[in-house]
Colleague: 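Before I ask anything, here is the structure I am working with.
What you see is a predicted model; the values in this text were computed from it and never measured.
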Amino acid sequence: MKKLILISLVLIISITLLFTGCTAPPVSGLPNTVKTKLDTAIANWNTLYGTNVQADTVWTYEGTIDSTSELDTVLDAILSADSAWLPDVDISDPSSAAASLLDNVTGLDAQTISDWEDLVESLIQTGMYFVTINWQKGTDTFTTTCVTDDTNIIYDNMLSNAVMVETKSKVKCFDYVISWLWGSERGRIMVFLDCVCVEGHIVACPYTCTAYMTLGGAKVNCKVTKTEDCCYLDYSWAWASPLVTISVQTDNFTLQTSGIGSSGQGSGSCFCCCEEVEIK
């Protein structure tokens with residue numbers, strides 16, 4: 001009797017949905033690890049960059065990308081210039097962060113856009129999950145499509161083109177860490193200077209300058225000068241998300257960035273000197 005009642009209830013609900021034109025909301029199949037990262041990324045965006053553009057903390061699970069036609073639909077939503085919203089972030093002034101529709105962005109060359117499209121297409125595959133995130137920019141609203149696998153966020157136009165940065169303690173010179181909004185390291189720029197001394201005089205200035213960034217680029221330029229007692233190192237650095245380019249200024253040393261997304265740049269110097277040797 002209980003079984004019959006249960007079946008009847010299911011039939012009644014199904015018929016009601018059919019005639020009212022309603023569909024049951026999808027049940028989230030997103031793994032808990034990715035849910036946590038997505039919630040963290042949204043919270044960090046809203047905290048760091050949410051003065052002008054806020055993400056809705058309640059996102060919608062849409063399902064898995066089950067076919068090549070569905071893959072094309074997802075890629076079209078992400079890449080089409082009339083639907084692709086991207087952040088415009090000055091890392092030195094987080095409160096000024098905004099968002100722009102790719103269709104309205106000027107100054108991007110065709111090769112930069114093509115490289116970005118190829119990169120995103122190489123990341124997203126059938127079998128992955130996708131969710132939609134609603135955003136509020138003043139009186140405007142827009143939606144981004146976020147694709148994940150079982151453990152990581154693979155790509156979202158807003159969340160993947162913004163970062164968190166940290167300058168660590170300057171051991172020897174410069175250590176700058178670029179992180180995903182969900183917390184793990186995405187890139188790093190490091191400058192290390194040492195000095196080799198013999199009887200209080202410089203004989204060598206060993207140094208290393210390295211830079212890398214996943215889903216984007218990072219560069220560092222270094223030049224060293226040596227005096228009798230000290231090593232001096234000047235450096236310039238820059239990093240950029242995929243739709244931002246890094247170029248060298250006319251001095252052939254200073255780096256600058258331009259484009260849509262987020263980026264950072266700067267310069268500095270450090271030195272290392274020999275200790276004086278007491279002459280007896």
Side-chain angles (χ1 to χ4, degrees), residues 23-50 53-80 83-87 89 91 94 97 99 102 116-137 141-166 177-188 212-218 239 241-243 261-262:
T23 56
V27 177
S28 177
L30 211 59
N32 287 331
T33 299
V34 183
K35 286 181 186 177
T36 300
K37 289 182 178 179
L38 184 54
D39 290 339
T40 299
I42 289 172
N44 282 333
W45 169 277
N46 287 340
T47 299
L48 295 171
Y49 306 119
V53 184
Q54 281 274 325
D56 193 333
T57 56
V58 180
W59 42 267
T60 303
Y61 174 73
E62 303 291 355
T64 57
I65 304 173
D66 293 323
S67 64
T68 54
S69 62
E70 192 165 27
L71 175 61
D72 290 340
T73 300
V74 169
L75 287 172
D76 186 63
I78 293 172
L79 299 176
S80 292
S83 61
W85 282 83
L86 294 149
V89 176
I91 202 71
L102 185 56
W116 166 67
E117 292 172 342
D118 290 343
L119 176 61
V120 174
E121 288 173 358
S122 72
L123 295 172
I124 299 175
Q125 304 170 7
T126 55
M128 291 181 173
Y129 310 96
F130 68 109
V131 307
T132 51
I133 305 169
N134 293 321
W135 299 77
Q136 188 78 36
K137 178 192 175 187
T141 59
F142 63 91
T143 300
T144 60
T145 299
C146 178
V147 179
T148 83
D149 62 13
D150 289 326
T151 57
N152 285 303
I153 295 171
I154 301 301
Y155 188 79
D156 175 88
N157 273 341
M158 291 291 290
L159 300 180
S160 298
N161 284 284
V163 304
M164 300 182 294
V165 296
E166 176 189 9
V177 179
I178 306 159
S179 299
W180 299 100
L181 281 182
W182 46 97
S184 55
E185 186 173 297
R186 178 175 181 173
R188 199 160 192 164
Y212 84 91
M213 181 175 172
T214 302
L215 201 64
W239 61 266
S241 57
L243 282 167
S262 58

Colleague: Looking at Ala99 and Trp85, what are the two nearest heavy atoms and their distance?
Modeller: O-CZ3, 3.6 Å
Colleague: Identify each donor-acceptor pair in which a side-chain atom of residues 128-135 lies under 3.5 Å from a protein atom, sequence neighbours left out, and give them as a table.
Modeller:
{"from": "Tyr129", "atom 1": "OH", "to": "Asp150", "atom 2": "OD1", "distance (Å)": "2.7"}
{"from": "Thr132", "atom 1": "OG1", "to": "Glu62", "atom 2": "OE2", "distance (Å)": "2.8"}
{"from": "Asn134", "atom 1": "OD1", "to": "Thr143", "atom 2": "OG1", "distance (Å)": "3.0"}
{"from": "Trp135", "atom 1": "NE1", "to": "Thr144", "atom 2": "OG1", "distance (Å)": "2.9"}

Colleague: At what distance, to the nearest 0.5 angstrom, does CG of Asp149 lie from CD1 of Ile124?
Modeller: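 That separation rounds to 11.5 Å.
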Colleague: Are Trp116 and Leu215 close enough that some pair of their side-chain heavy atoms sits under 4.5 Å apart?
Modeller: no
Colleague: Side chain of Ser67, backbone of Glu70: donor and acceptor closer than 3.5 Å?
Modeller: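 Yes; judged by distance alone, with no hydrogens or angles, the pair exists.
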Colleague: Rounded to the nearest 0.5 Å, what separates atom CZ in Arg188 from atom CD in Glu166?
Modeller: 8.5 Å
Colleague: Out of Leu119, Thr148, Ile78, which residue meets the side chain to side chain contact (heavy atoms under 4.5 Å, CB included) rule with Tyr155?
Modeller: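 When side chain to side chain contact (heavy atoms under 4.5 Å, CB included) is applied between Tyr155 and each of Leu119, Thr148, Ile78, only Ile78 qualifies.
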Colleague: Measure the OG1-CG distance between Thr40 and Asn44 for me, rounded to the nearest 0.5 Å.
Modeller: 6.5 Å
Colleague: Is the closest side-chain heavy-atom distance between Val147 and Asp156 below 4.5 Å?
Modeller: no
Colleague: Please tell me if the side chains of Val89 and Leu48 come closer than 4.5 Å, counting only heavy atoms from C-beta onward.
Modeller: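 A side-chain contact under 4.5 Å is absent here.
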Colleague: Has the side chain of Asp76 got a donor or acceptor atom that lies under 3.5 Å from a matching backbone atom of Asp72?
Modeller: no
Colleague: If you measure from CH2 on Trp180 to OG on Ser160, what distance do you get to the nearest 0.5 Å?
Modeller: 5.5 Å
Colleague: Got Asn161 and Leu243 here, is their nearest side-chain heavy-atom distance under 4.5 Å?
Modeller: no
Colleague: Identify the two heavy atoms, one from Ala41 and one from Trp182, that lie closest to each other, and give their separation to 0.1 Å.
Modeller: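 It is CB-CE3, 3.8 Å.
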Colleague: When you compare the side chain of Val165 with that of Trp239, does any pair of heavy atoms fall below 4.5 Å?
Modeller: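 In contact.
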Colleague: Between Asp39 and Trp59, which heavy-atom pair has the shortest distance, and what is it?
Modeller: OD1-NE1, 2.8 Å
Colleague: So does Phe142 get a backbone contact from the side chain of Lys137, meaning a donor-acceptor N/O pair under 3.5 Å?
Modeller: no
Colleague: Among all residues two or more places apart in sequence or in another chain, which pass the salt bridge (charged side-chain N to carboxylate O under 4.0 Å, His left out) test with Glu121?
Modeller: none
Colleague: Are Ile153 and Leu38 close enough, and set up right, to give a side-chain contact (heavy atoms from CB on, under 4.5 Å), and what steps lead you there?
Modeller: CA-CA 7 Å; Ile153 295 171; Leu38 184 54; 4.2 Å; yes
Colleague: Looking at OG1 of Thr47 and CD1 of Ile42, how far apart are the two atoms once the value is rounded to the nearest 0.5 Å?
Modeller: 11.5 Å
Colleague: Does Ser262 reach the side chain of Tyr49, with side-chain heavy atoms less than 4.5 Å apart?
Modeller: no
Colleague: side-chain contact (heavy atoms from CB on, under 4.5 Å) for Glu185 and Ile178? Distances and angles first, verdict last.
Modeller: CA-CA 6 Å; Glu185 186 173 297; Ile178 306 159; over 6 Å; no
Colleague: Please tell me if the side chains of Thr57 and Asn46 come closer than 4.5 Å, counting only heavy atoms from C-beta onward.
Modeller: yes
Colleague: So do the side chains of Ser179 and Arg186 get within less than 4.5 Å of each other, counting heavy atoms only?
Modeller: no
Colleague: Please name the residue in the list Asn152, Asn32, Thr151 that meets the side-chain hydrogen bond (donor to acceptor under 3.5 Å, both in side chains) test with Lys37.
Modeller: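 The option that passes is Asn152.
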Colleague: Any idea which heavy atoms bring Met158 and Val53 closest together, and the distance?
Modeller: CE-CG1, 4.1 Å
Colleague: With a 3.5 Å distance limit and no angle check, can you tell me whether Thr141 reaches the backbone of Gln136 through a side-chain donor-acceptor pair?
Modeller: no
Colleague: In Å, rounded to the nearest 0.5 Å, how long is the span from CD1 of Ile65 to CG of Leu71?
Modeller: 5.5 Å
Colleague: Tell me whether Asn157 contacts the main-chain N or O of Ala84 through its side chain, where contact means a donor paired with an acceptor under 3.5 Å.
Modeller: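 No: the side chain of Asn157 does not pair with the backbone of Ala84.
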